[in-house]
Amino acid sequence: MQTDSPTAEAAEGRFARFRGRRIARVVTWAARIAGLLTILSLVAPLLRRRLQPATWFGLPPEATFVGTAVVATLGVGLMMLATGLRRRKRRAWQLAVVACVLLVVSHVVGRHVIAPTVVTLVLLVGLLLTRREFTAMPDPVGRLAAVRVVVQMLLGGFLVVTLLLFVRPSLLVGRPTVGERLAQAALSLVGVSGPVEFRALWFDDLTAVLGLTFGIAALVLGGYFLLRSAEPRPALTEEDGSRIRELLARHGRADSLGYFALRRDKAVVFSPSGKAAVAYRVVAGVALASGDPLGDLEAWPGAIGEFLDTCRRYGWVAAVLGCSEAGARVWAREGGLDALELGDEAVVDVATFSLQGRSMRTVRQAVSRVRRAGYETSVRRLRDVPDEELVALRELVASWRGSPAERGFSMALSRALDGDADPDAVIVVATAEGSTRGLLQFVPWGEDGLSLDLMVRDPAVPDNGLNELLIADLLAACRGLGVDRVSLNFAVFRSALERGEKIGAGPVARLWARLLRIASRWWQIDTLYRFNARFGPVWVPRFLVFDAVRDLPRIAVAAFEAEGYGGRPPTLLRLLRRT
């Protein structure tokens with residue numbers, strides 16, 4: 001029977017991950033330096049004069065321009081490949097080796113300055129010696145997509161320039177033949193002058209700029225599709241779902257976010273023993289896990305190792321949204337990752353909660369106001385709700401949302417009122433005059449806890465305390481449900497908002513809090529914090545775990561897209577998936 005206890009093999013695996021990460025960083029910086037020195041050797045006047053291979057072999061002057069363009073392209077390409085090398089992609093390694101060989105040859109033949117030659121040669125030797133570290137697989141369709149995009153862009157640029165040359169013949173000197181015009185259009189793609197002469201200088205510049213723009217676009221887009229990481233369509237298999245439920249049955253009490261691993265748009269990796277797992281989704285080349293690893297704490301290192309190995313295999317950026325402090329410590333120890341406090345989760349203790357007292361005055365008044373308006377509530381497990389009522393409630397929820405887009409990832413289940421999949425979930429329904437006006441859904445948190453999943457209401461109903469009523473009545477019914485703890489909304493950057501409001505807060509703390517309140521106009525940062533605080537919760541810090549600071553912008557884009565708050569435009573997503 002396999003175990004995940006600390007062993008020499010596990011320690012060797014951690015050392016291998018750290019070693020591979022260090023090697024990738026060194027090679028990445030070497031590629032950037034080599035590419036930068038190559039570009040500088042072409043830009044600096046003193047160095048540029050040294051690059052004149054055409055004059056030694058009796059070649060026409062245009063060959064010098066082509067050679068310079070090729071060397072510049074290789075330098076820029078080497079800097080672009082650095083990102084792929086940092087993710088240890090095999091295809092990036094292959095292209096970097098080819099670029100280094102071509103650059104070394106061009107440096108030697110062109111009697112280039114010594115610095116770029118030496119750095120590029122050292123990079124080439126380093127790449128060959130560390131070839132076994134670059135094993136990350138690219139997108140399986142990336143190669144065909146890259147070829148298709150390059151051909152389409154080059155053909156598009158060629159046709160545009162050709163059309164201009166035939167449409168405005170009065171701007172050309174003489175009567176160039178069809179072959180000369182086609183040659184002019186083809187050479188414009190690489191920034192080289194062709195056989196056609198122009199009467200108007202602006203028309204010469206226009207065709208040159210258009211052609212070169214399409215050529216550069218073909219290079220950049222082709223490189224992107226060639227090196228992009230795979231982004232599989234998320235899907236949780238029935239077998240994986242069953243295994244997750246088994247882990248939740250034994251260890252579900254440990255993390256209030258554990259049940260959200262059952263989202264259907266997540267994948268999962270298990271530890272070698274099967275006693276722990278990490279659920280994640282891949283968005284924009286980022287593998288986003290949420291919450292703590294599932295299962296036995298002693299088996300977490302095995303699951304974390306499997307997850308990080310999967311990320312390395314496919315060249316994904318690893319990140320974790322909303323893990324606990326204990327989880328962040330394990331991620332940092334086992335994976336060498338860093339952690340940033342993201343916010344706080346509001347957890348209410350059912351035994352001590354009461355609407356009495358001065359601190360509950362705002363909630364008590366809101367609840368009383370709504371009750372006087374004729375609202376009533378019911379609290380039930382989904383398994384106790386008739387199927388016909390569930391169908392009607394699902395239709396109401398869909399109409400209230402007004403959009404099929406799901407909000408939430410780390411603290412949302414992505415499905416509502418599914419009695420077959422989530423029979424132990426709890427719903428709180430508010431009605432008035434025989435019509436449903438609002439609804440909350442909570443998912444299980446072990447055997448004695450609940451986590452808020454869904455909060456919706458009729459848009460025609462003003463926000464006059466309805467949510468306070470729903471939560472207060474749920475907490476009152478928890479004892480009958482055998483529930484001791486309830487997790488409410490997650491408050492992003494709560495501690496920063498709180499510090500900024502304290503007497504004596506420094507200018508930086510006040511400015512940061514003010515910026516967060518401004519951002520609340522779009523993302524309800526301050527609103528959620530103040531709403532949760534009304535119920536006197538215990539604030540449990542949650543963390544963002546990541547590998548490097550430079551990955552944070554990419555992780556932010558992926559997180560916003562996963563949570564349903566933005567990210568890549570839908571048009572771009574359709575283009576990428578179709579390609």
Side-chain angles (χ1 to χ4, degrees), residues 2 4 230-283 286-297 299-300 302-311 314 316 318-323 327 381-385 387 390-391 394 397 404 406-427 441-454 487 562-564:
Q2 287 182 310
D4 294 289
E231 188 171 341
R233 291 189 177 275
L236 187 68
T237 65
E238 292 185 6
E239 179 183 356
D240 289 341
S242 298
R243 296 179 67 182
I244 289 176
R245 290 182 186 275
E246 293 176 2
L247 294 177
L248 290 173
R250 293 194 295 268
H251 306 281
R253 195 179 191 278
D255 186 14
S256 62
L257 305 187
Y259 197 86
F260 298 116
L262 291 170
R263 284 177 62 107
R264 297 191 178 105
D265 61 356
K266 286 185 178 180
V268 63
V269 293
F270 292 88
S271 65
S273 68
K275 295 181 179 179
V278 173
Y280 67 95
R281 177 184 171 187
V282 180
V283 181
V286 178
L288 284 172
S290 59
D292 292 339
L294 305 170
D296 189 353
L297 177 62
W300 283 9
I304 289 173
E306 290 293 325
F307 174 70
L308 294 178
D309 288 343
T310 301
C311 291
Y314 292 99
W316 295 330
V320 185
L321 288 176
C323 66
R381 298 275 184 183
L382 280 184
R383 61 172 175 262
D384 299 327
V385 182
D387 292 339
L390 281 180
V391 172
R394 277 197 293 268
V397 170
E406 292 286 351
R407 287 286 179 90
F409 170 73
S410 57
M411 296 188 71
L413 197 57
S414 78
R415 58 179 179 267
L417 310 175
D418 191 336
D420 295 330
D422 314 300
D424 293 326
V426 174
I427 62 169
Q441 175 172 293
F442 292 81
V443 298
W445 172 12
E447 295 180 353
D448 60 352
L450 293 174
S451 291
L452 178 61
D453 169 41
L454 179 68
S487 170
E563 295 284 355

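- Two residues are said to be in side-chain contact when any heavy atoms from C-beta on lie closer than 4.5 Å; Leu382 and Ile427 meet this criterion.
- With sequence neighbours excluded, the residues satisfying side chain to side chain contact (heavy atoms under 4.5 Å, CB included) with Ala318 are Phe307, Leu308, Cys311.
- Judged by distance alone, with hydrogens and angles left aside, the side-chain atoms of Ser451 form a donor-acceptor pair with the main-chain N or O of Ser256 at under 3.5 Å.
- Contact record, Glu306 with Pro272: OE2-CG, 3.9 Å, taken as the closest heavy-atom pair.
- Here the side chain of Trp445 pairs a donor or acceptor atom with the backbone of Arg253 at under 3.5 angstrom.
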Working note: Tyr259 + Asp453, criterion side chain to side chain donor-acceptor pair (under 3.5 Å); need CA distance, chi angles, decisive distance, verdict. CA-CA 10 Å; Tyr259 197 86; Asp453 169 41; over 6 Å; no

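- Between the NZ atom of Lys275 and the CZ atom of Arg243 there is a distance of 13.0 Å, given to the nearest 0.5 Å.
- To the nearest 0.5 angstrom, Asp240 atom CG is 10.5 Å from Leu262 atom CG.
- Annotation: salt bridge (charged side-chain N to carboxylate O under 4.0 Å, His left out) contacts of Asp424 (sequence neighbours excluded): Arg383.
- A donor-acceptor pair under 3.5 Å links the side-chain atoms of Trp300 to the main chain of Gly295, judged by distance alone.
- Taking every heavy atom of both residues into account, Val286 and Ala319 meet most closely at CG1-CB, 4.1 Å.
- In this structure, the side chain to side chain contact (heavy atoms under 4.5 Å, CB included) partners of Ser290, at least two apart in sequence or on a different chain, are Lys266, Phe409, Ser410.
- For Asp255, the side chain to side chain contact (heavy atoms under 4.5 Å, CB included) partners at least two apart in sequence or on another chain are Leu257, Asp292, Arg542.
- With sequence neighbours left out, Ala421 forms a side chain to side chain contact (heavy atoms under 4.5 Å, CB included) with Arg245, Arg264, Arg415, Asp418.
- Summarising the geometry, atom CG belonging to Leu236 is positioned 10.0 Å from atom OG belonging to Ser414; distances are rounded to the nearest 0.5 Å.
- Gln441 contributes no side-chain N or O that, together with a main-chain N or O of Leu452, makes up a donor-acceptor pair within less than 3.5 Å.
- Residue Leu413 comes nearest to Val443 through the heavy atom pair CD2-CG1, 3.8 Å, listed as atom of the first residue, atom of the second, then distance.
- Tyr314 is linked by a ring pair (Phe, Tyr, Trp, His ring centres under 6.0 Å) to Trp316, counting only residues two or more places apart in sequence or in another chain.
- Closest approach of Ala562 to Val283, counting heavy atoms only: CB-CG2, 4.3 Å.
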